[in-house]
Amino acid sequence: GSLDDDDLWFETKLSKQVAALEAEPSILAAATGVALRTPEGGEHIRIPAKSRVTHADLLLGRQPDINCSNLLIRRKACELAGMYDEDCSVEDYDLVLRISAYSDIFVVREPLIRQYRDRPLWQPERWRWMAQAREQLALRHPDLVASGKGASVYCSKLAFAHAAAGQRRQGARWLARSLRHGHVGRWTLMAVASLSHVPTRWLQVAVGRVGKSI
């Protein structure tokens, strides 16, 4: 297991994850629910909807609560899938995708970690980094943008990141690619709003109030 220096494990987190892995010998990693503390002092309990998250689930969309602060990973997982790749800008998502190719991710469905969201950042530099990181991940895992709802969502997120960075041409290109996959969802609307010059700060505050993140 690993832990970001600004997050907090609850006392029973490790013991419950160990028990889950012992009960399911074929499972290579276990996560838990999250108590997410916002910059405004609110707290949102976030628990993945399923007790097993599959590789197909992760291609449909990133599970933000399954991350490097939350996972307990067997040594065998690292032998099969490799370790964190520091050359990848989103190394936790990259690792979870690689592990899930060998095994479902088990979820202890109760909040056992408190995570603190950083204060929102509106600067275009942040979104340029996000767009670059997502494009890098798509090159490593081409199934993310291959077909279906998951590809539409991923392309919409890229469209939003480019638009928020002021890169409107790239944003419009990724939005068109998203729409070709035939799904219109929250991220599609966010990308359209950003491309229509709705300030990123307004959008980020709006989704933060309901326990979401962008």
Side-chain angles (χ1 to χ4, degrees), residues 2-7 34 36-40 44 46 58-71 82-100 115-146 150-179 181 185-214:
S2 57
L3 178 66
D4 283 350
D5 59 6
D6 57 348
D7 295 334
V34 170
L36 180 67
R37 183 68 58 85
T38 68
E40 297 77 23
H44 301 275
R46 307 203 319 190
L58 291 164
L59 292 178
L60 282 173
R62 182 175 185 176
Q63 305 279 331
D65 304 316
I66 299 178
N67 55 52
C68 58
S69 283
N70 199 350
L71 279 179
M83 301 289 288
Y84 286 106
D85 185 349
E86 294 183 3
D87 291 330
C88 182
S89 300
V90 279
E91 65 271 19
D92 54 347
Y93 193 12
D94 172 60
L95 179 60
V96 170
L97 282 167
R98 285 188 276 119
I99 291 174
S100 68
Q115 293 186 311
Y116 295 86
R117 179 180 294 157
D118 292 336
R119 292 198 173 277
L121 299 175
W122 331 114
Q123 292 86 352
E125 292 78 9
R126 181 209 184 196
W127 294 105
R128 279 195 285 272
W129 178 88
M130 290 289 289
Q132 181 180 8
R134 288 189 176 279
E135 290 190 359
Q136 180 192 46
L137 196 66
L139 289 173
R140 289 169 173 255
H141 302 276
D143 284 352
L144 285 169
V145 293
S152 179
V153 172
Y154 198 90
C155 292
S156 292
K157 289 180 177 181
L158 263 166
F160 176 83
H162 278 297
Q167 300 166 332
R168 294 176 54 77
R169 180 176 297 179
Q170 296 97 315
R173 177 169 57 85
W174 279 104
L175 179 60
R177 186 170 175 178
S178 170
L179 293 172
H181 289 297
R186 173 170 63 97
W187 280 100
T188 315
L189 301 177
M190 297 272 286
V192 170
S194 188
L195 286 167
S196 302
H197 300 289
V198 176
T200 305
R201 178 170 184 166
W202 293 5
L203 296 170
Q204 195 160 8
V205 168
V207 298
R209 286 177 177 170
V210 293
K212 303 295 183 181
S213 59
I214 61 174

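Any value given below was found using the heavy atoms of this structure, including those in side chains, with hydrogens, waters and symmetry copies removed. All of these numbers come straight from a predicted model, not from anything done at the bench. For this chain, numbers begin at 1 and follow the sequence in order.
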Quiz item: When you check the gap from the basic side-chain N to the acidic O, do Asp92 and Arg62 get nearer than 4.0 Å?
Solution: yes
Quiz item: Does a side-chain N-to-carboxylate-O contact under 4.0 Å join Asp85 and Arg98?
Solution: no
Check whether any side-chain N or O of [X] sits under 3.5 Å from a backbone N or O of [Y] as a donor-acceptor pair, and report yes or no.
X	Y	result
Arg46	Val34	no
Asn67	Pro64	yes
Ser194	Met190	no
Gln136	Asp87	yes

Quiz prompt | Results of side chain to side chain contact (heavy atoms under 4.5 Å, CB included) for Arg168 - residues two or more places apart only | solution = Leu195, His197
Atom [atom1] in [X], atom [atom2] in [Y]: separation rounded to 0.5 Å?
X	Y	atom1	atom2	result
Ser89	Gln132	OG	CD	6.0 Å
His141	Asp94	NE2	CG	4.0 Å
Arg173	Arg177	CZ	CZ	8.0 Å
Asp7	Gln115	CG	CD	4.5 Å
Met83	Glu91	CE	CD	12.0 Å
Lys157	Tyr154	NZ	OH	8.5 Å

Exercise. Could you go through the side-chain contact (heavy atoms from CB on, under 4.5 Å) check for Leu175 and Val192 one step at a time?
Key: CA-CA 8 Å; Leu175 179 60; Val192 170; 3.9 Å; yes
Which heavy atom of [X] sits nearest to which heavy atom of [Y], and what is that distance?
X	Y	result
Ala131	Leu158	O-CD2, 3.4 Å
Leu95	Gly82	CD1-O, 3.4 Å
Ser152	His181	CB-CB, 3.7 Å
Ala161	Trp127	O-CB, 3.4 Å

Practice problem: Taking salt bridge (charged side-chain N to carboxylate O under 4.0 Å, His left out) as the test, write out the residues that go with Asp143, two or more places apart. | Solution: none
Quiz item: Are Trp174 and Glu135 close enough that a side-chain donor and a side-chain acceptor fall under 3.5 Å?
Solution: yes
